[in-house]
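Notes follow the structure.
Every value quoted in this text rests on a predicted model; they were computed, and no experiment measured them.
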Amino acid sequence: LDWDSVAIPPQYRTELDLTILFPLAEYKALKQQGHFDPRGVLLAGEVGMGKSLVGRVVAAKVAEQGGTVVMTNPHEIGEKGGWKYVFDVAGTLRPTLLYVEDVETSGTPGNLKMYQLAEYLDGLDDRKDVTILVTTNELDQLDRRLRDRPGRIDRILRFDPSLSEFGMDWRKHVLEIHLNSNNGVQADPAMIAELVGNKPYTGAHLAQLVSFARTIMLHGKERAQLGA
């Protein structure tokens, strides 16, 4: 996985570099100077916007830099003994990125699991220099103590097709990625992006558009061959 495989607004990539990739790459130097602060980043938005893919690219980059990545989800955390177990494991392998998908499924706001996570991110329990990256499809279901206080979640990157960050350039990039991976579909991504206009299409919608175009083209070729 690499950045070429995912469409992401440039400013979002910069945020991820500043809050996750650079600090973990320079962990020893920053720690010695007393300047390392473990960060929390939340990728929030609609299903089909590429949040999980972005998270996996970040995780791959951390691993390339020599850092450790612990990838999990709330269901696995519950089975393995809760957040304490996860932070204990991650903390022994520092510098560590803890990547948790669908964090809102930890439970309803105010429940014990959410409270425990907030305590670790606050440093009330030893966070062990663990940087955390989490995704959610339901920002409103996430406990306000996690998302509204710096030091717990320092950055919230919203993946919303109605935002200006996900305008024409982003749609064109998504289409380029899927057109390159769909042999047989020859089209101008800029032209398709223009046709889509300002419709709030997710990345998954655009991928389906390319796939359907491929089906139409193959169907047309088959009919032409049968006619010949």
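Under the 4.5 Å side-chain criterion, counting only non-hydrogen atoms from C-beta, F159 is not in contact with T202. Side-chain contact check for I20 versus L97: some heavy-atom pair is nearer than 4.5 Å. Using a 4.5 Å heavy-atom cutoff, the side chains of V62 and L21 are in contact. Between L42 and L139 there is a side-chain heavy-atom pair separated by less than 4.5 Å. Contact annotation: the side chain of P95 never approaches that of T131 to less than 4.5 Å [non-hydrogen atoms, C-beta and beyond]. Put simply, the side chain of T96 does not reach to within 4.5 Å of the side chain of V89, judged on heavy atoms.
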Side chains of residues 43-61: which donor-acceptor partners sit under 3.5 Å, not counting sequence neighbours?
{"residue": "K51", "atom": "NZ", "partner": "G45", "partner atom": "O", "Å": "3.1"}
{"residue": "K51", "atom": "NZ", "partner": "E46", "partner atom": "O", "Å": "2.7"}
{"residue": "K51", "atom": "NZ", "partner": "N137", "partner atom": "OD1", "Å": "2.9"}
{"residue": "S52", "atom": "OG", "partner": "E101", "partner atom": "OE2", "Å": "3.4"}
{"residue": "R56", "atom": "NE", "partner": "E101", "partner atom": "OE2", "Å": "3.3"}
{"residue": "R56", "atom": "NH2", "partner": "E101", "partner atom": "OE2", "Å": "3.3"}
{"residue": "K61", "atom": "NZ", "partner": "D2", "partner atom": "OD1", "Å": "2.9"}

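The minimum heavy-atom distance between D154 and P38, with the atom names listed, is OD2-O, 4.3 Å. The minimum heavy-atom distance linking R158 with F166 is given by the pair O-CE1, 3.3 Å. Taking every heavy atom of both residues into account, V69 and M71 meet most closely at CG1-CG, 3.5 Å.
The CD atom of Q65 sits 10.0 Å away from the CZ atom of F22 when rounded to the nearest 0.5 Å. Separation of atoms CZ (R39) and CG (L24) is listed at 11.5 Å; rounding is to 0.5 Å.
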Assess the residue pair T135 and D102 against the criterion (side-chain contact (heavy atoms from CB on, under 4.5 Å)); give the C-alpha distance rounded to whole Å, side-chain angles, the decisive distance to 0.1 Å, and a yes or no. CA-CA 5 Å; T135 70; D102 301 326; 4.2 Å; yes
Is there a side-chain contact (heavy atoms from CB on, under 4.5 Å) between L98 and W83 once you walk through the steps? CA-CA 11 Å; L98 173 60; W83 290 104; 4.3 Å; yes
Set out, in order, the CA-CA distance, both residues' side-chain angles and the distance that settles side-chain contact (heavy atoms from CB on, under 4.5 Å) for W170 and L206, then state yes or no. CA-CA 11 Å; W170 177 80; L206 295 171; 4.1 Å; yes
Test side-chain contact (heavy atoms from CB on, under 4.5 Å) applied to I8 and L16, step by step: CA-CA 11 Å; I8 180 173; L16 291 166; 3.8 Å; yes
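Aromatic ring pairs are classed by plane angle as parallel below 30°, tilted from 30° to 60° and perpendicular above 60°; the pair F36 and Y27 is perpendicular.
No continuous path of ILVMFWY side-chain contacts below 4.5 Å connects I132 to L18, so the two sit in separate hydrophobic clusters. Criterion: ILVMFWY side-chain heavy atoms under 4.5 Å apart, direct or through other members. Under it, V6 and M168 are not part of a common hydrophobic cluster.
In this structure, H205 places its NE2 atom where only 12 or fewer heavy-atom neighbours from other residues, nucleotides or ligands lie under 6.0 Å away.
Within the structure, salt bridge (Lys or Arg N to Asp or Glu O under 4.0 Å) pairs that include any residue of residues 17-38 comprise K31-D129 (at least two apart or interchain).
Here the side chain of R13 pairs no donor or acceptor atom with the backbone of P10 at under 3.5 angstrom. Between the side chain of T19 and the backbone N or O of E15 there is at least one donor-acceptor pair closer than 3.5 Å.
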